[in-house]
Number of protein chains: 2
Amino acid sequence: MSDLMAEITKAMGFRHYALVHHVDLKPAVRSVHIVDYPQDWVERFQARRLYASDPIHRASHRTNVGFAWSAVQSIISLTAADRSILAEAYEAGLGDGFTVPAHIPGELNGSCSFAMAAGEMLDHRQLPFVQLVGSFAFEAARKISRIHAPQSECPSLTERQAECVALVARGKTDWEISQILGIGQETVIQHVKDARDRYGVTKRTLLAIRALFDGQISFADVFGR
Amino acid sequence: MSDLMAEITKAMGFRHYALVHHVDLKPAVRSVHIVDYPQDWVERFQARRLYASDPIHRASHRTNVGFAWSAVQSIISLTAADRSILAEAYEAGLGDGFTVPAHIPGELNGSCSFAMAAGEMLDHRQLPFVQLVGSFAFEAARKISRIHAPQSECPSLTERQAECVALVARGKTDWEISQILGIGQETVIQHVKDARDRYGVTKRTLLAIRALFDGQISFADVFGR
DNA sequence: GATGATCTCCCCAGAACTGGGGATAACGCA
DNA sequence: TGCGTTATCCCCAGTTCTGGGGAGATCATC
């Protein structure tokens with residue numbers, strides 16, 4: 001993967017790339033982290049835990065399409081600290097660059113960035129192509145890094161159960177759910193009990209999250225309306 | 001905007017388009033909703049509130065790049081209900097299509113879809129271009145409707161709080177969390193309490209889901225390892 | 001007609017959570 | 001030095017959840 005990325009990066013006229021989830025490196029977590037940035041910068045980046053506050057990362061959380069680093073202030077306002085981070089990156093050898101955000105609900109935020117050497121100019125005519133490459137590169141990395149392990153049969157819930165779980169996910173108590181659905185509290189308790197059983201979990205919190213994860217309910221069910 | 005979309009749609013060889021946030025239509029909410037689908041289907045879609053459960057929408061919540069509708073089962077597993085929804089859409093005049101997801105942390109999920117008439121075939125060589133157009137179209141629509149996030153307060157948690165919330169999301173009890181983190185149960189109770197306060201919620205279930213939604217924790221934290 | 005699935009309702013005991021009220025210590029920042 | 005933040009711990013009363021045990025009604029299917 002990194003060989004391929006290096007090749008593509010070069011072919012597009014860039015010098016460095018970073019294909020990352022925006023988290024501190026935790027070996028235990030299956031996150032994407034394929035980077036070819038100046039070593040010096042990578043170390044400082046991690047030491048200072050910039051993955052959360054780096055202005056490029058922050059900007060990538062506010063948009064859906066890629067952007068040139070030189071245009072970052074059109075997306076977020078830069079603080080003095082941000083400017084010094086950018087200056088430091090430049091010192092370390094990173095010139096202008098282009099970052100493609102990669103967000104999926106319920107997953108870590110990520111991005112795919114390509115950078116020139118310090119002093120070189122971006123070829124703006126090429127950016128749409130870079131956008132495309134960035135998106136697909138991230139998706140590919142994400143698929144590879146995900147073991148997609150159990151692919152266990154997602155237990156299906158009955159309609160009533162799903163309705164109850166959706167309300168559980170909204171933080172409703174069993175009594176509140178009974179009022180919303182117009183049935184008895186005992187009935188709700190039973191539906192939630194049955195739903196927990198189907199998922200083989202013992203806590204309603206995990207029930208809600210599992211149901212969310214495999215699409216029995218969606219974030220729209222939780223926050224919609 | 002819709003004129004332009006219609007033109008682009010035609011130029012790319014498609015018949016219909018839909019540039020939408022995945023929510024029920026509410027005039028009060030400033031969300032993107034630019035659609036040119038068969039009227040019949042739009043009505044049924046809204047009547048049955050499919051925005052949340054439509055398999056194409058669900059699939060678009062699981063990926064970051066576009067996908068052909070005919071390949072949707074490689075992303076999510078289809079239930080019988082899903083299949084009947086797809087069949088119904090086909091009946092209504094929607095053939096194969098291509099959907100580009102558009103997700104931004106803290107905002108409503110959205111997508112940009114292009115569809116053929118029933119019976120026509122997708123030109124797969126063109127899909128990368130469609131991907132590009134879809135992304136930019138959504139971003140443009142989003143900027144115009146300038147919903148720039150309903151100033152979605154994304155409260156930040158302290159490290160300890162986030163650790164506790166991640167474990168809450170795994171269905172652990174406060175006592176279990178205390179054992180895992182090697183601290184007192186009372187301390188865990190306090191951290192969870194503080195985290196609930198920051199999010200302004202009163203139930204740990206909603207706390208976990210909110211934290212999941214805006215990226216404080218991820219599904220990897222919940223299911224990983 | 002039996003069987004299974006679903007939805008509805010009921011009771012109970014013990015565990016877990018929630019919302020108040022405290023406290024101490026360490027750290028950085030002004 | 002004082003103030004805010006964070007992390008740690010403690011107590012308590014009341015609510016909510018969890019895991020057992022039931023039961024009757026409907027509906028489709030075999």
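Within every chain, numbering begins at 1; the chains are lettered A, B, ... in the order of the sequence lines, protein sequences first and strands thereafter. What you see is a predicted model, and the numbers here were worked out from it, not measured in a lab.
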Close approaches to DNA chain D from residues 184-195 of chain B, in residue order (heavy atom, under 4.0 Å): G184(B), E186(B), T187(B), Q190(B), H191(B)
Student check: side-chain heavy atoms of H191(A) and I177(A) closer than 4.5 Å: no
Length of the line joining L207(A):CG and dT18(D):C1', which is rounded to integer Å: 13 Å
Nucleotide dC9(D), atom C1' - distance to CG of L181(B) in whole Å: 15 Å
Rounded distance (Å) that lies between atom C1' of dC17(C) and atom NZ of K203(B): 8 Å
dA15(C) phosphate, OP1 or OP2, under 4.0 Å from T173(B) side-chain N/O: no
Heavy atoms from other residues, nucleotides or ligands near CZ of R15(B) exceed 12 (cutoff 6.0 Å): no
Length of the CG-P vector between D174(A) and dA16(C), whole Å: 17 Å
Validation row: N64(A), P101(A) side chains within 4.5 angstrom (heavy atoms): no
Length of the line joining E159(B):CD and dA7(D):P, which is rounded to integer Å: 8 Å
Y199(A) side chain reached by L157(A) side chain, heavy atoms, under 4.5 Å: yes
Short side-chain N/O contact from T158(A) to OP1 or OP2 of dC7(C), under 4.0 Å: yes
R160(B) side-chain N/O to dA7(D) phosphate OP1/OP2 under 4.0 Å: no
Among dT18(C), dA7(D), dT8(D), the nucleotide that comes nearest once only the side chain of I183(B) is considered: dT8(D)
Student check: side-chain heavy atoms of F138(A) and V100(A) closer than 4.5 Å: no
Atom pair distance, as rounded to whole Å: CG in L167(B) and C1' in dC17(C): 16 Å
Under 4.0 angstrom between R204(B) side-chain N/O and dT16(D) OP1 or OP2: no
R196(A) vs dG19(D): side-chain N/O to OP1/OP2 distance below 4.0 Å: yes
Spacing between I177(B) atom CD1 and dC17(C) atom P, to the nearest angstrom: 7 Å
For atom NZ of K172(A) and atom P of dC17(D), their distance in whole Å: 12 Å
4.5 Å side-chain heavy-atom contact, M116(A) and L122(A): yes
Flag side-chain contact, heavy atom, 4.5 Å: T187(A) against S178(A): no
